[in-house]
Protein chains: 2
Amino acid sequence: MTATNELFRLKGYTATTLAEISAAAEAPVGSIYHFFPGGKAELAEAVVLETGEAYRELFVLFVAESSSPGEAVEAFFSGAAETLESSGFLDPCPIGGVGREVANVDERLRRAVGRVFETWVQTLAAGVGVLGVPADRAASVARSVIALLEGGFVLARVERNGDVLRHAGREARGMIERTAAAATVPGSC
Amino acid sequence: MTATNELFRLKGYTATTLAEISAAAEAPVGSIYHFFPGGKAELAEAVVLETGEAYRELFVLFVAESSSPGEAVEAFFSGAAETLESSGFLDPCPIGGVGREVANVDERLRRAVGRVFETWVQTLAAGVGVLGVPADRAASVARSVIALLEGGFVLARVERNGDVLRHAGREARGMIERTAAAATVPGSC
DNA sequence: GTCTATACCGAGATAGAC
DNA sequence: GTCTATCTCGGTATAGAC
């Protein structure tokens, strides 16, 4: 499944073939259908859910090592930039890539990606909420931060420049801290 | 070429076939190769460049009708949300979609997408620059705004919710105005 | 230059021996 | 449950009549 993940990051969902996956995983094609009777789409769903949870847990680690959600987010963006550069600008997030490809084509996969994003939103929003931001506002900012991250992947990869992601990280942090400031001291600035 | 554009927005680059394009454009397959000897990739490059310039000009219109770059950006995001909803959540931007799919696979296409993004960055940065923001800082914020837009497309489509884009628009506006404020009154806040 | 027919290949999926 | 051989379909691309 790690093999599938990497292939998705390299070429996306549609362009990745079962033959390639079979070769990279050193497992025959038949085995794929043994574990995933639904074929490619079912395999992709499993990859999306698994990777989504792994990334969520990774972010939680960043939060634990930071003194504020804004700081954690900025560090997370920087980490993604490192990953991007050291991988030769592979897509850091197969989930968003798959999501964009299948959003109007495969309802089941679309929902799987949507569920993953929602867990990310909740996790990040919980962190922001600690700063005294109301839940709905926190969720809204969280969504924008995740959108900025996903879009940052596109620009950084296409321009082959990891700094795009680092700058985006600073902006993401600013978004969070500004929201917190507005929530706690309503009339400031 | 409009047909190709719509198909890319629906299914992405790889999943769109020449047969579909041929059918939608009501033109035989041979004609495609007559105008684009390089086949699918060359056609895609033309679509990317053309659509990219069209969107850039559209944004310039928004700027002309707004009283500030931040307002123009927010309105642009809202317009994208309308488009998204009324199209059944087709990808509003085939450019970013193609970019994400081919970034590590087709160098020529990747560069085409990169050039388009760069024209967008320059156009938006010029608007932000008018507010007194230094050029490099303006370009950096512009990139983040575009990243937020592209990522907003992913989340909004996957969650089937145009409001994601509207909220992102408010954040984008905030990013711009905060940058301008920091640049003009260095010690404020 | 427009269009049709087709070559050729590789896709996802499956059947069935082991 | 593992693996191989293969089915069938649909992909890109091209050749060649009009």
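Order of the sequence lines sets the chain letters (A, B, ...), proteins ahead of strands, with each chain counted from 1.
Using a 4.0 Å heavy-atom distance criterion, B/T14 is classed as making no nucleic acid contact. Among the protein residues, A/T16 comes within range of the sugar-phosphate backbone only, with heavy atoms under 4.0 Å from sugar or phosphate atoms but none that close to a base.
Applying the 6.0 Å contact sphere to CD of B/E26 captures no more than 12 heavy atoms from other residues, nucleotides or ligands. More than 12 heavy atoms of other residues, nucleotides or ligands sit less than 6.0 Å from atom CZ of A/R160. Within a 6.0 Å radius of CZ in B/R166, other residues, nucleotides and ligands contribute more than 12 heavy atoms.
Between its two ends, the helix from C/dG1-D/dC18 to C/dC18-D/dG1 turns its axis by 10°, counting five pairs per end and rounding to 10 degrees.
Under the 4.5 Å side-chain contact rule for hydrophobic residues, B/V154 and A/L109 share a cluster. Two different hydrophobic clusters hold A/L90 and A/L58 under the rule that ILVMFWY side chains link at heavy-atom gaps under 4.5 Å. In the hydrophobic clustering of this structure, B/F8 does not group with A/V105; members are Ile, Leu, Val, Met, Phe, Trp, Tyr whose side-chain heavy atoms approach within less than 4.5 Å, directly or through other members.
Between A/A25 and A/A3 the shortest heavy-atom distance is N-CB, 3.9 Å.
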Short heteroatom pairs, N/O only, protein and nucleotides 5-10 of chain C, under 3.5 Å:
none

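Rounded to whole Å, the distance from CD on B/E20 to P on D/dG10 is 11 Å. Rounded to whole Å, the distance from CG on B/L18 to P on D/dT12 is 4 Å. Protein atom CG of B/L7 is 15 Å distant from nucleotide atom C1' of D/dG11, rounded to whole Å.
Taking every heavy atom of residues 32-48 of chain A and every atom of DNA chain D, pairs under 4.0 Å involve A/H34, A/F35, by number.
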Side-chain atoms of residues 33-44 of chain A: list all donor-acceptor pairs with protein atoms under 3.5 Å, sequence neighbours left out, distances to 0.1 Å.
{"residue": "A/K40", "atom": "NZ", "partner": "A/Y13", "partner atom": "O", "Å": "3.1"}
{"residue": "A/K40", "atom": "NZ", "partner": "A/T14", "partner atom": "O", "Å": "3.1"}
{"residue": "A/K40", "atom": "NZ", "partner": "A/T16", "partner atom": "O", "Å": "2.8"}
{"residue": "A/E42", "atom": "OE1", "partner": "A/G38", "partner atom": "N", "Å": "2.6"}

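Ranked by how close their nearest DNA chain C nucleotide is to the 5' end, A/A19 and B/E26 are led by B/E26.
The side-chain contact (heavy atoms from CB on, under 4.5 Å) search around A/S22 returns A/V29, A/I32, not counting sequence neighbours. Applying the side-chain contact (heavy atoms from CB on, under 4.5 Å) rule to A/V130 yields no partners; only residues at least two apart in sequence or on another chain are considered.
Looking only at distances, no side-chain donor or acceptor of B/S31 sits under 3.5 Å from a matching main-chain atom of B/A27.
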